[in-house]
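Have a look at the structure below before the remarks.
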Amino acid sequence: MAYSYSRVLGTGSYLPRIYVTNQMLAKRLAQNGIETSDEWIVARTGIHSRYFAAPDQTTSDLALIAAQRAIVAASIDFQAIELIIVATSTPDFIFPSTACLVQDKLGIRNGSAAFDVQAVCSGFAYALAVADGLIRGGTYRNALVIGAETFSRLLDFRDRTTCVLFGDGAGAVVLTESDRPGMLASALHADGSYAHILCAPGHVNGGVIQGSALLHMDGPAVFKLAVNVLEKVAREALTKANMSADQIDWLIPHQANIRIMYGTCRKLGLPVERMIVTLGEHGNTSAASIPLALDVAVRDGRVKSGDRVLIEGVGGGFTWGAVIICM
Ligand code: UT7
């Protein structure tokens with residue numbers, strides 16, 4: 001029997017071991033002759049600190065702990081997970097997928113499907129929408145959806161316009177089939193003609209990296225596009241869910257820049273108190289930023305059962321998307 005909805009049964013997250021404040025980063029950059037300051041970073045982005053993975057921590061290690069916490073919060077047996085999707089642009093390997101590595105580390109031996117979704121900072125919205133469709137279609141009953149990144153490994157610490165923005169982390173949710181409303185609507189988009197404005201344009205050929213394996217971003221171009229698409233896609237998801245913005249209890253935007261986040265919140269007519277902000281402490285953790293923020297807000301008691309949450313992401317590709325969830 002196909003159920004009408006998938007719904008969130010539990011959330012979890014994990015931040016890796018190395019805590020880096022703006023001041024610490026500024027000192028590190030100064031050693032390379034690069035000038036930045038806590039004042040600039042806070043004023044232009046809203047970021048105060050971020051976490052970096054320790055040298056022995058991989059994306060699947062971060063994902064594993066977030067997943068374990070989500071499964072415990074969901075109170076289901078690990079072996080009941082039938083589908084694992086990891087949204088990441090910083091996989092452990094070219095292949096196999098990070099999701100397969102997480103399945104193994106979790107000790108799940110039930111033949112669950114496992115694959116990665118690559119939509120950069122919109123990845124978690126994409127992964128949630130895919131899992132929702134597969135559950136509602138009756139293919140799987142329980143899914144683990146993870147956003148996990150080690151963007152610190154892609155950063156060029158000689159480029160102050162990008163290296164001060166990103167951090168590492170992981171967030172996860174367990175989704176289950178349900179006959180009571182859970183995921184209410186989603187809207188996903190991409191425009192590949194903007195691939196060049198945010199990319200890590202390298203590939204491996206004969207064991208050698210061709211092109212650049214470091215992150216490149218035209219910040220102002222991304223900023224302009226983000227502001228433009230985020231309001232539109234939020235309204236599109238609201239229309240699909242037959243809801244107005246004032247029926248949203250919590251806005252959880254991708255945590256990239258506080259000015260973009262406030263702008264979207266204002267355009268939707270939502271009070272800023274209804275927006276979950278973890279950017280200041282976490283930085284931009286790409287596909288992990290939304291599930292990390294969701295888990296923080298669930299655990300501190302702000303997001304409660306029955307609350308309607310609008311999540312929205314925007315990132316490289318160019319990709320963007322929004323999902324409305326009744327918790
Ligand atoms: O996660 C995917 C989505 N990503 C985003 O949404 C990011 C979108 N873009 C942004 O958030 C912003 O564009 C940035 C935070 C990346 C940059 O902020 P901005 O206000 O657009 O600054 P800007 O690039 O226009 O640069 C302004 C000035 C420049 O100096 P001049 O040319 O005016 O002399 C930069 O060189 O700030 C300078 N600058 C810095 N100064 C100190 C750039 N980075 C730094 C820095 N420290 N780290």
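Counting starts at 1 for both ligands and their atoms, in listed order.
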In Å and rounded to the nearest 0.5 Å, what is the OG to CG distance from S286 to L198? 8.0 Å
Looking at ligand 1, does any of its N/O atoms fall within less than 3.5 Å of an N/O of S37? no
For atom 42 (C) of ligand 1, what is the nearest protein heavy atom, given as residue, atom name and distance? W40 CG, 3.4 Å
Select the closest option to atom 11 (O) of ligand 1 among N257, V314, T319, judged by heavy-atom distance. N257
What is the distance from atom CZ of F157 to atom CD of Q31, rounded to the nearest 0.5 Å? 12.0 Å
Is the shortest distance from atom 22 (O) of ligand 1 to a protein heavy atom below 4.0 Å? yes
Have a look at ligand 1 and work out which part of T161, if any, has a heavy atom under 4.0 Å from it: side chain, backbone, both or neither. both
So does Y140 get a backbone contact from the side chain of E82, meaning a donor-acceptor N/O pair under 3.5 Å? no
Atom 40 (C) of ligand 1 within contact range, any protein heavy atom under 4.0 Å: yes
Tell me yes or no: between the side chains of D179 and S4, is some donor less than 3.5 Å from an acceptor? no
If you measure every N or O of T45 against every N or O of ligand 1, does any of those distances drop under 3.5 Å? no
Closer than 4.0 angstrom, basic N to acidic O: yes or no for R17 and D61? no
All side-chain contact (heavy atoms from CB on, under 4.5 Å) counterparts of E236, not counting sequence neighbours: A187, H189, V233, K240
Ring geometry between Y51 and H282 (parallel below 30°, tilted from 30 to 60°, perpendicular above 60°): perpendicular
Test item: side-chain donor near acceptor, T59 and T150, under 3.5 Å: yes
Minimum-distance protein heavy atom relative to atom 5 (C) of ligand 1: V222 CG1, 3.5 Å
Using a 4.0 Å heavy-atom cut-off, say whether N284 meets ligand 1 through its side chain, its backbone, both or neither. side chain
If the contact criterion is a heavy-atom separation under 4.0 Å, does T162 count as touching ligand 1? no
Please indicate whether any nitrogen or oxygen in I260 is less than 3.5 Å from any nitrogen or oxygen in ligand 1. no
Under 4.0 Å, heavy atoms only, figure out whether ligand 1 is touched by the backbone of C121, its side chain, both or neither. side chain
Specify whether the nearest protein heavy atom to atom 33 (O) of ligand 1 is under 4.0 angstrom away. no
